[in-house]
Number of protein chains: 2
Amino acid sequence: MTVSDHMLQEAVDKLKSSGVRITPQRHAVLEFLLNAETHPTADDIYKALEGKFPNMSVATVYNNLRVFREIGLVRELTYGDSSSRFDCNTSKHYHIICESCGKIVDFHYPSLDEVESLAEQITGFDVSHHRMEVYGVCHECKKDKKQIV
Amino acid sequence: MTVSDHMLQEAVDKLKSSGVRITPQRHAVLEFLLNAETHPTADDIYKALEGKFPNMSVATVYNNLRVFREIGLVRELTYGDSSSRFDCNTSKHYHIICESCGKIVDFHYPSLDEVESLAEQITGFDVSHHRMEVYGVCHECKKDKKQIV
DNA sequence: ACACTAATTATAAGAATTACAAAGTAATAA
DNA sequence: TTATTACTTTGTAATTCTTATAATTAGTGT
C-alpha cells in the first residue's frame with residue numbers, strides 16, 4: 001500500500017500529462033496492477049474488480065490495459081498459455097516460470113546490457129529493450145512429484 | 001536444400017524412433033519448417049502447403065506441430081502478436097524482433113548459463129531452460145521512418 | 001495383402017481479444 | 001451555469017487462433 005501510493009500517484013500524473021482521463025474504473029485497474037504481487041491476466045483483473053464495479057465490462061479492462069501499454073506504464077507478457085499477462089513493475093527484473101503449475105516468480109539479475117549492445121552491432125537494429133524468462137519446476141511441484149512417485 | 005536434406009533425414013528418423021508415422025502431410029510440414037528462413041505461424045505453413053495438398057486441414061498442421069513440439073523437434077514461440085510461431089532451429093540462438101514490422105531475426109550469443117544457475121539458487125526451482133528476446137527497430141523500418149519525417 | 005492403429009479431414013466448439021454503436025461522463029468554453 | 005465536445009464505458013457481436021470430435025482414410029508390421 002505505502003510503496004504503491006507513491007507509484008500510483010506517479011502513474012496517475014503520467015496519465016494526466018498524456019491527456020488521459022482518470023475514471024474510477026481506470027483508476028481501479030491501475031491500482032490493482034500496481035498492488036498485484038502476481039502478473040494478472042485481463043480476466044484476473046476483471047474478476048478482481050467485479051465487486052467494486054458490478055457493471056464494468058471486460059472491454060473496459062482491455063481498453064485501459066491498451067492505454068497503459070501505449071503510454072509505457074505496463075508491459076504485456078505472452079507466455080505459452082493462451083492469455084496475455086500484464087506487469088506494472090517497470091523496474092528491471094526477470095521472471096522464472098514453473099512448467100508444472102504456471103506460477104511466475106520475479107528474480108533480480110544485473111540487466112543484460114551487453115547482450116543488447118552486441119545484438120545491435122550484429123543485426124543493425126536500434127535496440128529498445130529485451131525480455132528473458134527462465135523455465136523450470138518450482139519447489140512445491142517438486143514435492144508433489146515425489147509424493148506421486 | 002542440401003543442408004536441410006541431412007537434417008530432414010535426422011528428423012524423420014527421430015519421428016520413426018518415437019513411433020510416429022511419416023505421412024505425406026507430416027513430411028511436408030517438417031520439410032517446410034526445416035527450410036524456412038523465417039519463423040512461420042501455423043497459418044503460414046497451411047497456406048504454403050495449400051498447393052501441394054489442396055485438401056489438407058488446418059487441424060493437420062496444428063496436430064503435427066504439436067507432435068513435433070512434444071518430441072522436441074520444434075520450439076513454439078509466443079510473441080506479442082496473436083499467433084504462435086514455430087522454429088525448427090534447435091541450435092541455441094536468440095531472436096531480435098522489430099517493433100515496427102514484426103520481423104524476427106536470429107542472432108547468436110553465448111548461452112546465458114550463469115543466469116540459469118543463479119535463478120536456480122535464488123528461487124529454488126529446478127531450471128530446465130530459458131528464453132530471451134531483444135526488441136528494437138530494424139534497419140529498413142529506420143529508413144522508412146526517416147522518409148516520413 | 002490384412003489387420004491394427006494412427007492420422008487426416010471437416011466441422012463445430014471454445015477461448016481470448018477486438019470492433020462497434022449507443023449511452024454516459026468529464027473537461028472546456030461561452 | 002449551460003452547452004459543447006471529445007473521451008469512456010458498456011453490452012454485444014464479431015473475429016481470430018486453437019482445440020475437440022467423429023467419421024473416413026491411410027501407414028506399418030506381419
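Just so you know, these numbers come straight off a predicted model, no measurement behind them. Each chain gets a letter, A, B and so on, in the order its sequence line appears, and its residues count up from 1.
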First and last nucleotide of DNA chain C touching chain A, 5' to 3', heavy-atom cut-off 4.0 Å? C:dA16 to C:dA26
Go nucleotide by nucleotide along DNA chain D from the 5' end; which of B:S57 and B:S82 gets its closest nucleotide reached first? B:S82
Let me spell it out: for each of B:V58 and B:Q25, pick the nucleotide of DNA chain C with the closest heavy atom. Which residue's pick is nearer the 5' end? B:Q25
Could you give the CD-to-P distance, from A:E50 to D:dG11, as a whole number of Å? 12 Å
Once you apply a heavy-atom cut-off of 4.0 Å, does B:P24 come out as touching a base, just sugar-phosphate, or nothing? sugar-phosphate
In whole angstroms, how far is the P atom of D:dT19 from the CG atom of B:D43? 14 Å
Rounded distance in Å - CG (B:L65) to P (D:dC17): 14 Å
Would you confirm whether A:S57, through its side chain, and A:A59, through its main-chain N or O, come within 3.5 Å as a donor-acceptor pair? yes
Validation row, ring centre B:Y94 to ring centre B:H130 under 6.0 Å: yes
When all nucleic acid strands are considered with a 4.0 Å heavy-atom cut-off, which category describes A:R26: base, sugar-phosphate, or nothing? sugar-phosphate
If you look at every strand shown and take non-hydrogen atoms under 4.0 Å, does B:S84 touch a base, only sugar-phosphate, or nothing? sugar-phosphate
Taking N and O atoms by type only, does the side chain of B:T23 place a donor or acceptor under 3.5 Å from a partner on the base of D:dG27? no
Going by the angle between their ring planes, with limits at 30° and 60°, are B:H93 and B:H108 parallel, tilted or perpendicular? tilted
Once you apply a heavy-atom cut-off of 4.0 Å, does B:I22 come out as touching a base, just sugar-phosphate, or nothing? sugar-phosphate
Step by step, would you call A:L30 with A:L34 a side-chain contact (heavy atoms from CB on, under 4.5 Å)? CA-CA 6 Å; A:L30 188 59; A:L34 279 165; 4.2 Å; yes
With a 6.0 Å cut-off (strictly less than), is the heavy-atom count around NE2 of A:H129, excluding the residue itself, greater than 12? yes
Can you figure out which of D:dT18, D:dT8, D:dA26 approaches the side chain of A:R21 most closely? D:dT8
Give the rounded distance in Å between these two atoms: CZ of A:F53 and P of D:dT10. 8 Å
Check ion pair B:R131-B:E133 (N to O, under 4.0 angstrom): yes
For A:V20, which contact category applies under a 4.0 Å heavy-atom criterion: base, sugar-phosphate, or nothing? sugar-phosphate
Using five pairs at either end of the helix from C:dA1-D:dT30 to C:dA30-D:dT1, determine the angle between the two local helix axes and round it to 10 degrees. 40°
May I have the step-by-step check of side-chain contact (heavy atoms from CB on, under 4.5 Å) for B:F68 and B:L15, ending in yes or no? CA-CA 8 Å; B:F68 297 161; B:L15 284 172; 3.8 Å; yes
Which is it for A:F86 and A:S84 under the side-chain contact (heavy atoms from CB on, under 4.5 Å) test, yes or no, and what are the steps along the way? CA-CA 7 Å; A:F86 297 86; A:S84 289; 4.1 Å; yes
Counting the benzene-type ring for Trp, do B:Y135 and B:H95 have ring centres under 6.0 Å apart? no
Does a nitrogen or oxygen in the side chain of A:N64 sit under 4.0 Å from OP1 or OP2 of D:dT9? yes
Side chain to side chain donor-acceptor pair (under 3.5 Å) between B:N63 and B:T60, intermediate numbers included: CA-CA 5 Å; B:N63 285 340; B:T60 300; 5.3 Å; no
Round to a whole Å and report the spacing from CG of A:L49 to C1' of D:dT10. 15 Å
OH of B:Y62 versus P of D:dC17: gap in Å, rounded? 7 Å
Nucleotide D:dT24, atom P - distance to CG of B:N55 in whole Å: 16 Å
Can you measure B:N63 atom CG to D:dG27 atom P for me and round it to whole angstrom units? 16 Å
